[in-house]
Engineer: 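Before anything else, here's the structure in question.
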2 protein chains.
Amino acid sequence: MRNDLVSGMARQTAEKKQEVSDPRVILEDFLPYRLNVLASLTSNALAQIYAERFGLSIPAWRVVVTLGQYEYRTARDIAAHGVMHKSTISRAVASLEQRGLIARRPNRDDRREALLELTPEGREIYEALAPEALAFEERFVSVLTEEEQRLLVSLIDRLSGHARQLAPEGEVEG
Amino acid sequence: MRNDLVSGMARQTAEKKQEVSDPRVILEDFLPYRLNVLASLTSNALAQIYAERFGLSIPAWRVVVTLGQYEYRTARDIAAHGVMHKSTISRAVASLEQRGLIARRPNRDDRREALLELTPEGREIYEALAPEALAFEERFVSVLTEEEQRLLVSLIDRLSGHARQLAPEGEVEG
DNA sequence: ACCAAATCGTTGCGCATGCAACCAATACGT
DNA sequence: ACGTATTGGTTGCATGCGCAACGATTTGGT
């Protein structure tokens, strides 16, 4: 093996004081980087479940979950709820509709938008998928104590709130 | 405004017991989702800095940072260090080389690989970029106390280690 | 009533990404 | 020493994404 660089992830606290005089970014210690690595690892592991077993992309998965949670909803609700770009949703919805997993019902009160909902087949997939997703989450956080899990959630929340202010505008992919 | 769905991020603890009998995924409470949103928010905010001000993509930024940190390194070292696919690195390196920010020196001992290093211009950019990145990080985590910051880092570390086991293989984009 | 601005959703375009195939060079087994 | 397997790095290809422009519809101002 030869992967000591990544598996080592050497943390060098001795370096800290140097950052003052000659600012250096230590990638492995850089929080945005770490967050991304963790999020990617998690996403990819999860994606295997719903891609290989249900043929769903990440955006499709989010659409399905949202509709499973809310019965029916418009595309822009889903976009807001899943923090995704509306074009991403549009394409995911088109694909899901073509596969017969969701149905589109035009809204008579506002004919620009359409209400989306799971078809019976769609709900079937959702009901098979949801327990697996939750089981994954459970396995994933099982290295932490309950206390730590609550803490993590609260830290993430506060950081997310703050991050939205640092970058006021813009959707987020996922 | 009409974004109550996303800005509300309603957390409904009362729902918890329902998950036992009828497993439902509440997207806003789903940890992988939250991690992704936070990571994306952070990435995008950061990306603005080095895209708009230095014309660097995320992979390019990671190459620059790695070389700033280690003087010289091969492409595959950088890939491992930045947890990125080797093709991503290859293209980032090509672009940086063309812009004259990094130089490639063939390794006589193993002529498959090449040692990469920052040119003076590259280092100049790095030295302008590093303080800004660190300042961003500082601003970013400033909502947390020192204690909480240490805790967050440790939680992330443990989760990352665990996640690597759940998804044993595969690079990570970023 | 009318016109401008805003909103929902779709689509064409350019670009980045991951994958797999590939080339060149090196390591390994026998 | 020879052939095969492995490794570093590049590239063609298909896919997916965000952006911006657009059509259709609705809202708001006057």
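Below, read A as the first sequence line, B as the second, and so on, with proteins coming before strands; counting in each chain starts at 1.
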Engineer: CZ of Arg73(B) versus P of dG8(D): gap in Å, rounded?
Structural biologist: 14 Å

Engineer: Would you classify Thr88(B) as touching base, sugar-phosphate or nothing, given that sugar-phosphate means primed atoms plus P, OP1 and OP2, and contacts are heavy atoms under 4.0 Å?
Structural biologist: sugar-phosphate

Engineer: Among side-chain atoms of Thr74(B) and Asp77(B), is any donor-acceptor pair under 3.5 angstrom?
Structural biologist: yes

Engineer: Taking the ring centre of each residue, are Trp61(B) and Phe30(A) less than 6.0 Å apart?
Structural biologist: yes

Engineer: Counting N and O atoms only, with roles assigned by atom type, does the side chain of Gln69(B) sit under 3.5 Å from a partner on the main chain of Arg24(A), one being a donor and the other an acceptor?
Structural biologist: no

Engineer: Using a heavy-atom distance cut-off of less than 4.0 Å, which residues of residues 94-102 of chain B contact DNA chain D?
Structural biologist: none

Engineer: Is it true that Glu132(B) and Arg53(B) make a salt bridge, defined as a side-chain N closer than 4.0 Å to a carboxylate O?
Structural biologist: yes

Engineer: Inspect the surroundings of CD in Glu124(A) and state if more than 12 heavy atoms from other residues, nucleotides or ligands are less than 6.0 Å away.
Structural biologist: no

Engineer: Short of 4.0 Å, heavy atom to strand atom, which residues of residues 109-119 of chain A count as contacting DNA chain D?
Structural biologist: Asp110(A), Arg111(A), Arg112(A)

Engineer: Looking at CD of Glu147(A) and OG1 of Thr145(A), how far apart are the two atoms once the value is rounded to the nearest 0.5 Å?
Structural biologist: 6.0 Å

Engineer: If each of Asn107(A) and Pro59(A) is mapped to the nucleotide of DNA chain D with the nearest heavy atom, which maps nearer the 5' terminus, i.e. the 5' end?
Structural biologist: Pro59(A)

Engineer: For a 4.5 angstrom cut-off between non-hydrogen side-chain atoms, does Arg158(A) reach Leu155(A)?
Structural biologist: yes

Engineer: Please check this pair: side chain of Ser142(A) against backbone of Arg139(A), looking for a donor-acceptor N/O pair closer than 3.5 Å.
Structural biologist: yes

Engineer: Could you check how far CG of Asn44(A) sits from C1' of dT17(C), rounded to whole Å?
Structural biologist: 12 Å

Engineer: Can you check the His81(B) NE2 to dG8(D) C1' distance for me, whole Å?
Structural biologist: 19 Å

Engineer: Closest to the His85(A) side chain: dA20(D), dA20(C), dG9(D)?
Structural biologist: dA20(D)

Engineer: Using side-chain heavy atoms (C-beta onward) and a distance below 4.5 Å, is Leu115(B) in contact with Arg73(B)?
Structural biologist: no

Engineer: Base, sugar-phosphate or nothing for Ser57(A)? Non-hydrogen atoms, less than 4.0 Å.
Structural biologist: nothing

Engineer: Side chain of Arg91(A), base of dG18(D): donor and acceptor closer than 3.5 Å?
Structural biologist: yes

Engineer: Could you tell me the separation between the CE atom of Met84(A) and the P atom of dC8(C), rounded to a whole number of Å?
Structural biologist: 16 Å

Engineer: Tell me whether the side-chain N/O atoms of Ser90(B) come closer than 4.0 Å to OP1 or OP2 in dG8(D).
Structural biologist: no

Engineer: Measure the distance from NZ on Lys86(A) to P on dG16(D) and round it to the nearest whole Å.
Structural biologist: 21 Å

Engineer: Quick one: Asp77(A) CG to dT7(C) P, roughly how many Å, whole number?
Structural biologist: 14 Å

Engineer: Give a yes/no answer on whether the side chain of Arg104(A) brings an N or O atom under 4.0 Å of OP1 or OP2 in dT10(C).
Structural biologist: yes

